[in-house]
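Working notes for the structure below.
Residue numbers start from 1 in every chain, and the chains themselves are labelled A, B, ... in the order their sequence lines are given, proteins ahead of strands.
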There are 2 protein chains.
Amino acid sequence: MPNDHPPANPGEPTTVEAVRERLVAVTGGLPKRLRQCADYVAQNLDRIAVSTVADIAAGADVPPSAVIRFCQLLGFSGYSDMQRLFRDAYSPGWPNYATRLENLKSGPSGSPRAMVAEFIEAGRMSLEKLAQSLDDAALEQAVATLAGAGTIHVVGFRRAYPVASYLAYVLAKMEVPAILHHGAGHLDQRFALRPGDAMLAITFAPYSDETLALAAAARAAGLAVVGLTDTAASPLSRSANTLLTVTEVDFGAFRSLSATIALAISLAVAVGTARR
Amino acid sequence: MPNDHPPANPGEPTTVEAVRERLVAVTGGLPKRLRQCADYVAQNLDRIAVSTVADIAAGADVPPSAVIRFCQLLGFSGYSDMQRLFRDAYSPGWPNYATRLENLKSGPSGSPRAMVAEFIEAGRMSLEKLAQSLDDAALEQAVATLAGAGTIHVVGFRRAYPVASYLAYVLAKMEVPAILHHGAGHLDQRFALRPGDAMLAITFAPYSDETLALAAAARAAGLAVVGLTDTAASPLSRSANTLLTVTEVDFGAFRSLSATIALAISLAVAVGTARR
DNA sequence: AGGATTTTGGAATATTTGTTCCACAGGGTC
DNA sequence: GACCCTGTGGAACAAATATTCCAAAATCCT
């Protein structure tokens, strides 16, 4: 991810840590108002991302202009400049995503190399987001449910199918009784759902009707349903006892699936281990 | 920071939780643009506090005014109003990726979340490695080959099957004539290989005999064969005109597939684009 | 198909927010 | 006490951001 803020002053801190250090270094022999700023900022570093100059000024009990001066003292060009650092740091590499897409569309129309770079980036971001937003409790519950079930019915069509098939592969390798439901032959597989079984249904927007229908059928038959989807608002939530959500950053029309697969394998391995 | 916002609309959510619920409630029978907003917002709740309307709009790929309308639909008077809620609630649990990963790993080893952390790590490393070691020339050549072919035969079994199926999905979406060869019915599919077609074969150690056999048959029939495998020494190199290699870091017995999939989609998208 | 209704995009406008600048206050020096 | 020099506040200005509004497009009913 190339730096999109090219003209960084020399001496301008580029990480939150650097700001913290600069703050310590500078605090000493500072005029009254600037010292107030330093103190307040030091104690409220985490609120800079969401505060206006006026907020900070009020908090430090100084006029806004003093805050700006203070930022400049730290090496920034102004408050906005400093704030950007904190906003970006909150979760690295977010903005300008739309811009990059534009660039790619307009640029030397996506050399394969550039495309790979974009998908790598999307994958990396997805993984980071997963690390941040994973719902431990739901995961534990999903593992418990699937570990205690008879046969595990894995369902996923379209873009979810690769995930479903890998899941089925891993479960099979771990000698867990699992069945991958694919559309082959257009059989009605509802009657394969036996009491005591569990279903692991995977679908992302735009949600596949077949998957939703199978999940609903499973639920109606009294099976435990674990859903793997993209948002809590997914229609899958109606059928699922346990819902795991994973946000995949997609580039162009296609998702990288990195995060989804990471979560899926973990789930499978954990279930396999738990069933020993 | 006391609450200085006396005139709260009736029906206006007052907690982040309430927003989430409202989001779920409202998602359904929403016009296109508003739904895009809903989806994006649902997946990026945590960024609202630090984003401008323009950011959100760009992310959801809608004009700014749609975002405002969406906020009003949620019960707020506008974006600022909604943002205030998130800013007040904002407390960066330092979602710093590295720290968060540490936390995840900190669980009892073998716990599901520790496992997720490991797979995330493996995925990230794989992606990084891909970025470094990608062979541009081979990629260009692969794209050229596949873009110039008639039908593309995608082959991959076992752990390569998820990749193959995703590849087939993406190619289909891009309206490229592609066939996914799976073992269903154990048919002998060699005779489907027609002159002018190309094969995209995927296999990793331990290499699948079926894949190797199909690739060899394709080569014998004069088709161009693009191989996607793990090392240049792979037996696939005997049949492949062009060989793409991708090293996947695996955790335990299973690979994350992140890098493989990133490369595969890029290839598919590049081919799809080139065929226009 | 035709008319009513909803949805949409974007230009115009309003508002908020950030920044600059300058006149002035205070405190130290000769 | 006059002179500088640093620090200060706030008014004026500039930039960004949010919001409204309306004509055009799409969609939904007969």
Which residue, B:Pro64 or A:Pro64, contacts DNA chain D at a nucleotide closer to its 5' end, judged by nearest heavy atom?
A:Pro64
If you look at every strand shown and take non-hydrogen atoms under 4.0 Å, does B:Gln72 touch a base, only sugar-phosphate, or nothing?
sugar-phosphate
What contact category does B:Ser65 fall into here, base, sugar-phosphate, or nothing, at under 4.0 angstrom with non-hydrogen atoms?
base
Whole-Å distance between D:dT8 C1' and A:Phe70 CZ?
16 Å
Separation of D:dT19 C1' from B:Asp81 CG (nearest whole Å)
13 Å
Result block: side-chain N/O donor-acceptor pairs under 3.5 angstrom for residues 156-164 of chain A, not counting sequence neighbours:
unit_1	atom_1	unit_2	atom_2	d
A:Arg159	NH1	A:Ala205	O	2.9
A:Arg159	NH2	A:Ala253	O	3.2
A:Tyr161	OH	B:Tyr161	OH	2.6

Is the NZ or CZ atom of A:Arg255 positioned over A:Phe204's six-membered ring, under 6.0 angstrom from the centre and within 45° of the axis?
yes
Could you tell me the separation between the CG atom of B:Leu30 and the P atom of D:dT27, rounded to a whole number of Å?
15 Å
Take the angle between the ring planes of A:His153 and A:His181 and call it parallel below 30°, perpendicular above 60°, tilted in between.
tilted
In whole angstroms, how far is the P atom of C:dG9 from the CZ atom of B:Arg69?
8 Å
From the set C:dT19, D:dT8, D:dT17, return the single nucleotide nearest to any side-chain atom of A:Pro31.
D:dT8
Send over the distance from A:Arg33 CZ to D:dG10 C1', rounded to a whole Å.
13 Å
In whole angstrom, what separates A:Ile68's CD1 from D:dA14's C1'?
12 Å
Between atom CD1 in A:Ile56 and atom C1' in C:dT17, what is the gap in whole Å?
13 Å
Side-chain contact check for A:Tyr79: nearest option of D:dA18, C:dT19, D:dT8 is C:dT19
Side chain of B:Lys32 - closest among D:dT19, C:dT8, D:dT8:
C:dT8
Please check the phosphate of D:dA16 (OP1 and OP2 only) for any side-chain N or O of B:Thr52 closer than 4.0 Å.
no
Show, in sequence, the C-alpha distance, side-chain angles and deciding distance for A:Gln72 and A:Arg69, and conclude whether the side chain to side chain donor-acceptor pair (under 3.5 Å) test is met.
CA-CA 5 Å; A:Gln72 290 166 344; A:Arg69 271 199 297 270; over 6 Å; no
Can you tell me the distance, in whole Å, between the CD atom of B:Gln36 and the C1' atom of C:dG9?
13 Å
Hey, are A:Glu248 and A:Ser126 close enough side-chain-wise for a donor-acceptor pair under 3.5 Å?
yes
Select one nucleotide: of D:dT8, D:dA18, C:dG18, the one nearest the side-chain heavy atoms of A:Val53.
C:dG18
